[in-house]
Amino acid sequence: MHPMSEHAFDRLPDALILVVFNSIADIKTLIRCRAVSKRFNSLVPQAETLVLKVDRVISADSDGSFFLSFLKSIFRSLHHVISPKSLPIQPRPHNSPTQILRGFDRIRNLEIELPGGDLCLEKGAVLKWKAEFGKSLKSCVIMGYRGLGEGEEVDFGGDMDGGLKVRVVWTISALIAASARHYLLKELIKEHRALERLVLRDRDGEGTVVMDKKALRECRDEDGEEEHEEEGVESGERDKSRTKVPAVQMRMRHEPLLELEGCGVRMGGATLVVVTPIKDGRRTVAEEVGLVSGAFEGMFGEAAGTLLKTRTYLLEMNSF
């Protein structure tokens with residue numbers, strides 16, 4: 001072999017190798033790449049696009065009790081709405097994304113995948129949500145149903161007349177899960193100041209938290225405001241396991257039996273909820289359509305688009 005061919009790879013510029021690393025994105029694979037050579041070991045930490053799939057998640061400064069606190073938060077928030085038997089929560093072991101990512105110093109685009117969703121609803125019910133955050137909630141789109149059938153009549157548990165209380169519980173549950181995930185990201189956001197886009201989702205496809213460049217900057221700049229707000233808050237009054245949800249308005253749409261022609265499915269108790277902070281005012285129809293159209297894909301996307309054409313119920317909820 002010609003001696004020049006043995007070192008052909010070494011002649012590739014660093015910028016081109018970083019393009020390859022950014023295409024790989026998977027952190028576990030990139031960490032293995034560091035063992036290939038000294039050059040790779042020095043270049044991998046410069047990767048700008050990363051995908052982190054975690055099996056266990058704990059807070060960076062915790063001894064492992066973060067998820068226990070998270071569960072207590074959910075129980076406290078739902079205590080006056082629904083009994084624990086109606087919405088059982090199953091503990092899942094959780095490892096800190098902040099700690100794992102400390103070896104990378106130029107991250108611009110980051111996607112984190114958690115082991116699974118946070119909600120356990122009644123049998124047959126399915127719930128998906130997408131939330132956008134800055135220093136606090138900007139919007140949350142929630143889509144759920146209570147039963148599914150194909151081409152035949154299905155018994156949906158007698159919930160063909162609405163079940164408003166159940167829908168409100170779904171909404172609160174999704175907001176609690178979203179705010180807990182946002183809280184988990186705060187330390188990471190402050191450490192990685194080059195971040196321009198951050199997505200946190202779960203392996204089950206239940207919920208997604210999205211933050212763009214402007215929202216990330218807003219979250220980093222909140223420290224002074226947060227300290228000022230806490231001066232008048234008594235010890236133990238504020239929940240330290242999730243971000244506070246502001247007072248919100250909920251635009252809810254519901255169909256007892258929704259026919260989805262695109263996929264030939266009947267969706268029982270189909271519900272769409274668009275949640276936005278009251279302080280931001282009421283969204284226009286175009287803005288609301290924009291939020292919903294980008295939130296879901298496939299069957300859920302078709303259902304959400306269909307429900308947008310139905311009657312709207314407006315509810316408001318205080319901060320919690």
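Predicted, not measured: the structure shown is a model, and the values here were computed from it.
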Inset, instruction - Taking only Lys NZ, Arg NE, NH1 and NH2, and the carboxylate oxygens of Asp or Glu, determine whether R102 and E187 approach each other closer than 4.0 Å. - result: yes
Inset, instruction - Say whether, by atom type as modelled, one donor and one acceptor occur between the side chain of H254 and the main chain of A270 under 3.5 angstrom. - result: yes
Inset, instruction - Rounded to the nearest 0.5 Å, what's the gap from CE on M299 to CG on L260? Could you check? - result: 7.5 Å
Legend entry - Joint hydrophobic cluster, V199 plus I27, side-chain heavy atoms closer than 4.5 Å: no
Legend entry - H182 side-chain N/O to G134 backbone N/O, donor-acceptor pair under 3.5 Å: yes
Legend entry - Pairwise distance OG1(T98) to CD(E191) - rounded to 0.5 angstrom: 6.0 Å
Inset, instruction - Report the C-alpha distance between V44 and I31 in whole Å, list the side-chain angles of each, state the deciding distance to 0.1 Å, and finish with yes or no for side chain to side chain contact (heavy atoms under 4.5 Å, CB included). - result: CA-CA 7 Å; V44 165; I31 289 174; 5.8 Å; no
Inset, instruction - Could you tell me whether the side chain of R167 and the main chain of R253 form a donor-acceptor pair under 3.5 Å? - result: no
Legend entry - Atom of S139, atom of T276 and distance for their closest heavy-atom approach: CB-CG2, 4.2 Å
Legend entry - Contact check, side chains of V141 and L272, non-hydrogen atoms, under 4.5 Å: yes
Inset, instruction - Would you confirm whether K130, through its side chain, and V210, through its main-chain N or O, come within 3.5 Å as a donor-acceptor pair? - result: no
Legend entry - Nearest heavy atoms of G205 and K128, plus distance in Å: O-NZ, 2.8 Å
Inset, instruction - Verify the neighbour count for atom CD of E287: are there more than 12 heavy atoms of other residues, nucleotides or ligands below 6.0 Å? - result: yes
Inset, instruction - Check the pair T243 / K186 against side chain to side chain contact (heavy atoms under 4.5 Å, CB included), numbers first and verdict last. - result: CA-CA 9 Å; T243 303; K186 284 189 173 183; 3.5 Å; yes
Inset, instruction - For the residue pair W170 and R146, establish whether any side-chain heavy-atom pair is separated by less than 4.5 Å. - result: yes
Legend entry - Set of residues satisfying side chain to side chain donor-acceptor pair (under 3.5 Å) with respect to R203, sequence neighbours excluded: E113
Legend entry - Side-chain heavy atoms of L137 within contact of V275, under 4.5 Å: yes
Inset, instruction - Please report the C-alpha distance between L188 and L110 in whole Å, then the side-chain angles of each, then the deciding distance to 0.1 Å, and finally whether the side chain to side chain contact (heavy atoms under 4.5 Å, CB included) criterion is met. - result: CA-CA 11 Å; L188 184 153; L110 176 62; 3.8 Å; yes
Legend entry - N-O pairing of E218 and K135 below 4.0 Å: no
Legend entry - E48 CD to R108 CZ distance, which is reported to the nearest 0.5 Å: 5.0 Å
Inset, instruction - Any chance you could lay out the side chain to side chain contact (heavy atoms under 4.5 Å, CB included) test for R282 and L314, step after step, and finish with the verdict? - result: CA-CA 10 Å; R282 184 171 297 185; L314 181 62; 2.7 Å; yes
Inset, instruction - Heavy atoms only: give me the nearest G207-D202 pair and the separation to one decimal. - result: N-OD2, 2.8 Å
Inset, instruction - Provide the closest heavy-atom pair for W129 versus C140 in the form atom of the first, atom of the second, distance. - result: CB-SG, 4.3 Å
Inset, instruction - Keeping to residues at least two apart or across chains, list the salt bridge (charged side-chain N to carboxylate O under 4.0 Å, His left out) pairs with something in residues 30-42. - result: D14-R39
Legend entry - Joint hydrophobic cluster, L200 plus V51, side-chain heavy atoms closer than 4.5 Å: no
Legend entry - hydrophobic_cluster_shared for F104 and V19, side chain cutoff 4.5 Å: no
Legend entry - Whether E302 side chain and E261 backbone form a donor-acceptor pair below 3.5 Å: yes
Inset, instruction - Quick one: pull up CE in M211 and CZ in F133 and give me the separation to the nearest 0.5 Å. - result: 8.5 Å
Legend entry - Hphob cluster co-occupancy, V20 + I107, side-chain heavy atoms under 4.5 angstrom: yes
Inset, instruction - Could you grab the distance from atom CG of L216 to atom CG of L195, nearest 0.5 Å is fine? - result: 6.0 Å
Legend entry - Backbone N/O of T49 and side chain of E111: donor-acceptor pair under 3.5 Å: no
Inset, instruction - For residues E288 and R251, report the shortest heavy-atom separation together with the two atoms involved. - result: OE1-NE, 2.9 Å
Inset, instruction - Any chance you could measure L198, atom CG, to I112, atom CD1, to the nearest 0.5 Å? - result: 5.5 Å
Inset, instruction - Please confirm whether the backbone N or O of I189 pairs with a side-chain atom of R220, one donor and one acceptor, at under 3.5 Å? - result: yes
Legend entry - L18 versus A47, closest heavy-atom pair with distance: CD2-N, 4.2 Å
Inset, instruction - Using the test ring-ring contact (aromatic ring centres under 6.0 Å, His included), find all partners of F300 that sit at least two apart in sequence or belong to another chain. - result: Y145
Inset, instruction - Give the cluster check for I172 versus I278: same hydrophobic cluster or not, with ILVMFWY residues linked at side-chain heavy-atom distances below 4.5 Å. - result: no
